[in-house]
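So you know, we letter chains A, B, ... as the sequences are listed, proteins then strands, and number each from 1.
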2 protein chains.
Amino acid sequence: MTRETHSHDHGRAPAGLTKNQSLVFGALSRAEGPLSAYTILDQLRDDGFRAPLQVYRALDKLVETGMVHRLESLNAFVACSHPGCDSHETIAFAICETCGKVAEISDEPLEERIRELAGKDGFSVKRAVVELRGLCAACSQA
Amino acid sequence: MTRETHSHDHGRAPAGLTKNQSLVFGALSRAEGPLSAYTILDQLRDDGFRAPLQVYRALDKLVETGMVHRLESLNAFVACSHPGCDSHETIAFAICETCGKVAEISDEPLEERIRELAGKDGFSVKRAVVELRGLCAACSQA
DNA sequence: CACAACATTGTAACTATATTACATTTTGGA
DNA sequence: TCCAAAATGTAATATAGTTACAATGTTGTG
């Protein structure tokens with residue numbers, strides 16, 4: 001079976017994740033690109049998932065801890081691509097509209113410029129959504 | 001009646017807009033902040049709107065011409081705030097999570113930095129989604 | 001005018017995305 | 001053990017967007 005955890009372990013693979021969180025994170029990690037909540041649901045039917053809420057609850061937690069990012073312009077989710085998932089400093093995403101792959105971008109000057117712009121208007125930024133839609137290097141030369 | 005156009009004019013108020021486009025643009029212009037497609041639909045029931053598609057079709061065109069912007073992180077739409085709607089150079093939106101108002105931001109250095117970042121990866125940007133979520137000046141001092 | 005070509009509109013059904021409400025089970029500590 | 005909190009299960013519903021097809025209106029041309 002494909003089940004990732006079982007027996008007395010009662011399902012919590014990586015760092016303090018519950019069973020459902022592990023399953024959802026696993027699905028996103030196996031994927032090449034972003035997945036919608038409902039695609040994840042379909043992939044986890046065999047693991048006992050039946051309802052959207054099971055996915056959304058796990059996603060909420062994973063997004064909260066930074067292990068997963070939500071792509072607003074796609075209504076989809078990706079596993080954070082930072083190896084140990086320790087520094088989730090991502091500020092932007094480059095989303096290829098041909099192959100679907102997503103690159104994470106961290107850039108201090110960009111953050112700085114955003115803070116500056118906001119500050120000028122007295123706007124206090126809680127979260128910045130920066131998503132670049134276009135073609136990745138591989139796809140644009142094809 | 002509130003109808004904006006009638007008689008032999010056959011409905012095309014501002015610049016080459018069709019009747020439905022005018023109605024949708026009117027609804028967005030009257031609003032203080034962004035509206036969802038379904039909210040627009042509800043507001044236009046009295047003008048004969050019955051189905052979502054009537055709204056989405058008009059929105060498609062309005063967004064295409066830049067008179068209306070789509071806010072990806074909100075699944076909603078706003079009328080462009082540039083007076084004559086001639087230069088739609090907006091690159092970013094500042095969305096207040098308290099009062100719901102949206103400010104448009106144009107900033108050449110920001111655009112430049114984004115182009116630079118993308119170029120470094122060989123990524124070719126077709127569209128940049130930049131939405132700042134937070135508190136506007138008025139709401140943050142309250 | 002007549003007619004063809006095209007754009008716009010109307011309507012229904014459907015797919016996709018996300019949340020609310022409530023019941024049950026699991027887990028960890030006093 | 002027993003309780004409280006966290007996690008899970010399930011159903012129903014709300015919200016967002018699309019597909020398919022029919023009808024109507026508009027415009028240019030012979």
Side-chain angles (χ1 to χ4, degrees), chain A residues 3-28 34-65 68-78 100, chain B residues 3-28 34-65 68-78 100:
Chain A
R3 206 156 291 212
E4 298 194 317
T5 59
H6 64 55
S7 79
H8 72 286
D9 174 25
H10 281 287
R12 43 177 56 212
L17 293 187
T18 68
K19 187 171 97 180
N20 286 359
Q21 287 161 19
S22 286
L23 288 167
V24 168
F25 186 68
L28 285 171
L35 299 180
S36 78
Y38 279 75
T39 300
I40 296 171
L41 176 57
D42 286 340
Q43 293 189 5
L44 297 179
R45 296 269 177 207
D46 293 345
D47 296 287
F49 273 53
R50 307 260 138 228
L53 194 50
Q54 295 175 287
V55 178
Y56 282 109
R57 282 202 277 229
L59 285 172
D60 280 350
K61 206 46 168 288
L62 292 167
V63 167
E64 199 182 301
T65 65
V68 164
H69 303 296
R70 179 191 172 112
L71 300 169
E72 300 287 348
S73 69
L74 241 39
N75 293 331
F77 303 82
V78 276
Chain B
R3 205 155 291 214
E4 296 195 321
T5 59
H6 65 56
S7 78
H8 71 289
D9 174 26
H10 281 287
R12 43 179 57 211
L17 293 187
T18 67
K19 186 171 97 179
N20 286 358
Q21 287 161 19
S22 287
L23 288 166
V24 168
F25 187 68
L28 285 170
L35 299 180
S36 77
Y38 279 74
T39 301
I40 295 170
L41 175 56
D42 286 341
Q43 292 190 6
L44 296 179
R45 296 267 178 209
D46 292 345
D47 296 286
F49 274 52
R50 306 260 140 229
L53 194 49
Q54 295 174 286
V55 178
Y56 283 110
R57 281 201 278 230
L59 286 172
D60 280 350
K61 206 44 166 288
L62 292 167
V63 167
E64 201 181 299
T65 65
V68 165
H69 303 296
R70 179 193 170 111
L71 300 170
E72 300 287 348
S73 69
L74 241 41
N75 293 332
F77 303 82
V78 274

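Each of dT10(D), dT9(C), dA18(C) was ranked by its minimum atom distance to the side chain of Arg50(A); first place goes to dT10(D). Of the candidates dA18(C), dG9(D), dA16(D), dG9(D) carries the atom nearest the Gln54(A) side chain, counting heavy atoms from C-beta on. Each of dT11(C), dT8(C), dA16(D) was ranked by its minimum atom distance to the side chain of Lys61(B); first place goes to dT8(C). The side chain of Thr18(A) approaches dT8(D) more closely than any other nucleotide in the set dA16(D), dT18(D), dT8(D).
Across the protein-nucleic acid pair, Gln21(A) atom CD and dT26(C) atom P stand 17 Å apart, rounded to whole Å. Across the protein-nucleic acid pair, Asp60(A) atom CG and dT17(C) atom P stand 16 Å apart, rounded to whole Å. Computed from coordinates, the Leu41(B) CG to dG17(D) C1' distance equals 12 Å when rounded to whole Å. Atom OH in Tyr56(B) sits about 18 Å away from atom P in dA20(D), given to the nearest Å. We find that CG of Leu17(A) is positioned 15 Å from C1' of dA6(D), with the value rounded to whole Å. To the nearest angstrom, C1' of dT9(C) lies 15 Å from CG of Asp47(B). At whole-Å resolution of the value, NZ in Lys19(B) and C1' in dG25(D) are 11 Å apart. With rounding to whole Å, Asn20(B) atom CG is found 4 Å from dT9(C) atom P.
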Tell me, with the steps shown, if Asn75(B) and Arg70(B) meet side-chain contact (heavy atoms from CB on, under 4.5 Å). CA-CA 7 Å; Asn75(B) 293 332; Arg70(B) 179 193 170 111; 3.2 Å; yes
As a quick check of understanding, evaluate side-chain contact (heavy atoms from CB on, under 4.5 Å) for Val24(A) and Leu17(A), giving each step before the final call. CA-CA 10 Å; Val24(A) 168; Leu17(A) 293 187; over 6 Å; no
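Mapping Leu53(A) and Thr39(B) onto DNA chain D by nearest heavy atom places Leu53(A) at the nucleotide closer to the 5' end.
Counting all heavy atoms, side chain and backbone alike, Leu28(B) lies closest to Phe77(B) at CD2-O, 3.3 Å.
With hydrogens and angles ignored, no donor-acceptor pair closer than 3.5 Å exists between the side chain of Arg57(B) and the base of dG17(D). In terms of polar N and O atoms assigned as donor or acceptor, the side chain of Tyr38(A) comes within less than 3.5 Å of the base of dA18(C) in a complementary pairing.
Taking side-chain N and O atoms only, Asn75(A) has a distance below 4.0 Å to OP1 or OP2 of dA18(C). Remark: Arg70(A) is not in phosphate contact with dT17(C), judged by side-chain N or O atoms under 4.0 Å from OP1 or OP2.
A donor-acceptor distance shorter than 3.5 angstrom exists from the side chain of Ser22(B) to the backbone of Thr18(B), with no hydrogens or angles considered.
With rounding to the nearest 0.5 Å, the separation of CZ in Phe25(B) from CG in Asn20(B) is 15.0 Å.
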